[in-house]
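Just the heavy atoms: all of them, side chains too, but no hydrogens, waters or symmetry mates, feed the values below. Order of listing sets the numbers, starting from 1, for every ligand and every atom in it.
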Amino acid sequence: MEIKKVLVIGAGTMGCGIAHCLAEHQVNVFLMDLSVEISRKALLKINERLHRSVDSGEITVQDKQKILEKIVIVEDIEKAADADFVIETIVEDIETKKDLFKSLDRAFSKDVVLASNTSSLSISKIAESTNHPERVAGMHFFNPAHKMKLVEIIRGEKTSDQTIIKIERFAQFIGKIPVEVKDSPGFIVNRVLIPMINEAAQLLEENIANKESIDTAMKLGAGHPIGPLALADLIGIDVCVNILENLEKNLGDTKYKPCNLLKLMAKENKLGRKTGHGFYDY
Ligand code: NAI
C-alpha cells in the first residue's frame, strides 16, 4: 500500500476515531486541531479505549503501545509536509472547510489526495476552493470510526477516477467496506437515517411514547442494533441539526426541517455523549 503517512485534521469525535482506526492498521498519523491541547485530549481518549481493549484481552499491552506510537500530534500543516494523504474532519461549515482546503491545496503536491469526512456538504463546492479539484473527494466514515465498517466515497464533479481508486484501496487497507455515491446532500446513509432520527425526536416531542419505548420499538420492530435516540446521542445532537438544516436548504424540502426538540437540545448544549447529556445521561 503506497499510503504511509496520513494527516488527520480535526481531533473531535470523528478525528479521534479515524486516527485510532488508521493507527490500528499501522498507518502513521499526524493529528492536528485548532490547538495541541485538543489533539492531546483526543490521544488520551484513544489511550483509554485501548486500555479497555487490553483489559478485555482483545489486544496486548505491546499492541496498545504500537498503536499509540503511530500517532503524532502536529500544530500546523507544515509539520506534516511529508503526508501522502489528508483526511479533513473539522467542523461542518462550508466556509471553514473551503479555507482549510485552500491551504491544503497550497501545502501539498497535486498527487496527495485531499479527502473530506463531511456528512452533508457538497464535495464539488469544497473542491472549488482548490486548484486541483480532481484530487478532492469525500471519504465519509461512521461513528465510532474505528469500529464501523462502512466508508462512503463521494465523487465530486471533478474528482478523478485515480482519486476514487486510491481512496477505495486505502479504505480496504484499513479494514473498511467502501461504497461509491454521487455528490448529493446527505449521500446515502444520512439522507435516510437523519430524517428518521428527526421523526423519532418529533414523536418524543409530541409525547406519543417515551424515549425508551421509541428506541426499543425501533430495535425490536425494525431490527436496528441501536434505537434512533441513542444513536442521535452518539452522532451528536448539533451534528444532526446541522445535517437536517443542510438537507432542507440543499434539497429545498421542508420535510427535512429539524424538530423543535432537537433545536432546543442543541441550544442547551445537550449534545449527547460528547457533553454527557442528550436524550440519555452518560
Ligand atoms: P467535533 O465537533 O467533535 O470535532 C470537530 C473538531 O474540528 C474540533 O475539535 C474543532 O476544534 C476542530 N476544528 C474546527 N475548525 C478547525 C480548523 N480550521 N482546523 C483544525 N481543526 C478545526 O465534530 P465531529 O463530530 O468530529 O465532526 C467532524 C466532521 O465529521 C464534520 O464534518 C461532520 O459532519 C463529520 N461527521 C460526523 C459524524 C458524527 O457522527 N459525529 C459522522 C461522520 C462524519
Side-chain angles (χ1 to χ4, degrees), residues 7-21 30-46 73-80 83 86-104 107 114-123 125-126 129 136-154 171 176 178-179 181 185-194 197 226 228 230-247 250 262 266 269 271-276 278:
L7 168 60
V8 176
I9 309 187
T13 309
M14 292 306 289
C16 189
I18 294 168
H20 183 162
C21 168
F30 295 117
L31 185 60
M32 194 191 118
D33 203 290
L34 290 174
S35 76
V36 168
E37 208 40 54
I38 300 175
S39 302
R40 279 208 194 104
K41 274 193 193 143
L43 204 53
L44 275 177
K45 200 164 147 193
I46 297 171
I73 291 171
V74 292
E75 68 245 36
D76 52 46
I77 295 171
E78 285 69 35
K79 297 270 172 17
V86 180
I87 301 173
E88 166 280 311
T89 182
I90 66 166
V91 60
E92 187 79 334
D93 175 75
I94 187 78
E95 292 312 321
T96 316
K97 289 204 198 271
K98 278 170 99 170
D99 281 350
L100 178 63
F101 272 75
K102 203 172 181 176
S103 315
L104 291 171
L114 306 181
S116 173
N117 184 41
T118 177
S119 297
S120 62
L121 300 172
S122 160
I123 293 299
K125 284 214 177 97
I126 294 173
S129 63
V136 179
M139 184 173 188
H140 188 214
F141 291 81
F142 290 81
N143 191 15
H146 61 299
K147 292 234 170 91
M148 296 290 278
K149 282 279 173 200
L150 182 68
V151 165
E152 287 178 330
I153 300 179
I154 299 103
K176 304 297 185 199
V179 295
V181 50
F187 317 126
I188 301 171
V189 175
N190 283 336
R191 172 97 177 249
V192 177
L193 182 69
I194 304 294
I197 287 175
I226 179 173
L231 183 58
D233 280 353
L234 194 66
I235 295 171
I237 303 302
D238 52 337
V239 177
C240 292
V241 169
N242 226 316
I243 295 172
L244 284 161
E245 284 172 350
N246 278 314
L247 286 174
N250 297 316
L262 282 179
N269 209 38
L271 306 183
R273 284 179 184 262
K274 63 183 166 189
T275 55

| At a 4.0 Å threshold, what atoms of ligand 1 neighbour a non-hydrogen atom of Phe141? | 42 (C), 43 (C)
| At a 4.0 Å threshold, what atoms of ligand 1 neighbour a non-hydrogen atom of Lys97? | 31 (C), 32 (O)
| query | Could a heavy atom of Asp33 be found less than 4.0 Å from some atom of ligand 1? | reply | yes
| request: Output yes when a side-chain donor or acceptor of Glu152 lies under 3.5 Å from a complementary backbone atom of Pro178, and no otherwise. | output: no
| field | Glu92 N/O under 3.5 Å from ligand 1 N/O | value | yes
| CD1 on Ile153 to CZ on Phe187, rounded to 0.5 Å | 12.0 Å
| So which heavy atom in the protein is nearest atom 31 (C) of ligand 1, and how far is it from that ligand atom? | Ile90 O, 3.2 Å
| field | Rounded distance (nearest 0.5 Å) linking atom CD of Glu95 with atom CD1 of Ile126 | value | 10.5 Å
| query | Which one holds for Ile38 and ligand 1: side chain close, backbone close, both close, or neither close, with close meaning a heavy atom under 4.0 Å? | reply | side chain
| task | Can you sort out which atoms of ligand 1 are near His140, meaning under 4.0 Å from one of its heavy atoms? | result | 43 (C), 44 (C)
| query | Going by distance only, is there an N or O of Leu234 that falls short of 3.5 Å from an N or O of ligand 1? | reply | no
| field | Nearest-0.5 Å distance that lies between atom CG in Asn143 and atom CG in Leu234 | value | 4.5 Å
| note | The closest protein heavy-atom partner of atom 42 (C) of ligand 1 is Met14 SD, 3.5 Å
| said: Show me which atoms of ligand 1 lie under 4.0 Å from any heavy atom of Thr118. | reply: 32 (O)
| Over 12 foreign heavy atoms within 6.0 Å of NZ, Lys274 | yes
| field | Of the listed options Asp99, Asn117, Leu34, closest to atom 30 (O) of ligand 1 (non-hydrogen atoms) | value | Asn117
| message | Just to confirm my output: which protein heavy-atom neighbour is closest to atom 15 (N) of ligand 1, and how far is it? | response | Val91 CG1, 3.7 Å
| task | Taking only heavy atoms of Thr89 into account, list the atoms of ligand 1 that are under 4.0 Å away from them. | result | 28 (C), 29 (C), 30 (O)
| Met148 versus Phe141: any side-chain heavy-atom pair under 4.5 Å? | no
| message | Any atom of ligand 1 sitting under 4.0 Å from a heavy atom of Phe142? | response | no
| task | May I ask you to identify the nearest protein heavy atom to atom 40 (O) of ligand 1, giving residue, atom name and distance to one decimal place in Å? | result | Asn143 CB, 3.4 Å
| Spacing of CG belonging to Asn190 relative to CG belonging to Leu247, to within rounding of 0.5 Å | 7.5 Å
| note | So for Ile9 against ligand 1, with non-hydrogen atoms under 4.0 Å, the contacting part is side chain
| said: Can you tell me if Glu88 contacts ligand 1 (heavy atom of the residue under 4.0 Å from the ligand)? | reply: no
| query | When you look at Ile77 and Val86, which way does the side-chain contact (heavy atoms from CB on, under 4.5 Å) test go after all the steps? | reply | CA-CA 10 Å; Ile77 295 171; Val86 180; over 6 Å; no
| said: Would the distance check show the side chain of Asp233 and the main-chain N or O of Arg273 forming a donor-acceptor pair, the cut-off being under 3.5 Å? | reply: no
| field | Sub-4.0 Å protein heavy atom next to atom 23 (O) of ligand 1 | value | no
| said: Going by the closest heavy atom to atom 44 (C) of ligand 1, which one wins out of Gly12, Ser119, Ala11, Ser120? | reply: Ser119
| Considering only the protein, which heavy-atom contact is closest to atom 25 (O) of ligand 1, and what is its distance? | Thr13 CB, 3.7 Å
| task | Please say whether more than 12 non-hydrogen atoms of neighbouring residues, nucleotides or ligands are located less than 6.0 Å from NZ in Lys98. | result | yes
| query | So do Leu7 and Val74 actually touch side chain to side chain, heavy atoms under 4.5 Å? | reply | yes
| request: In plain terms, say whether Glu75 and Lys79 are close enough for a salt bridge, that is, a side-chain N and a carboxylate O under 4.0 Å apart. | output: yes
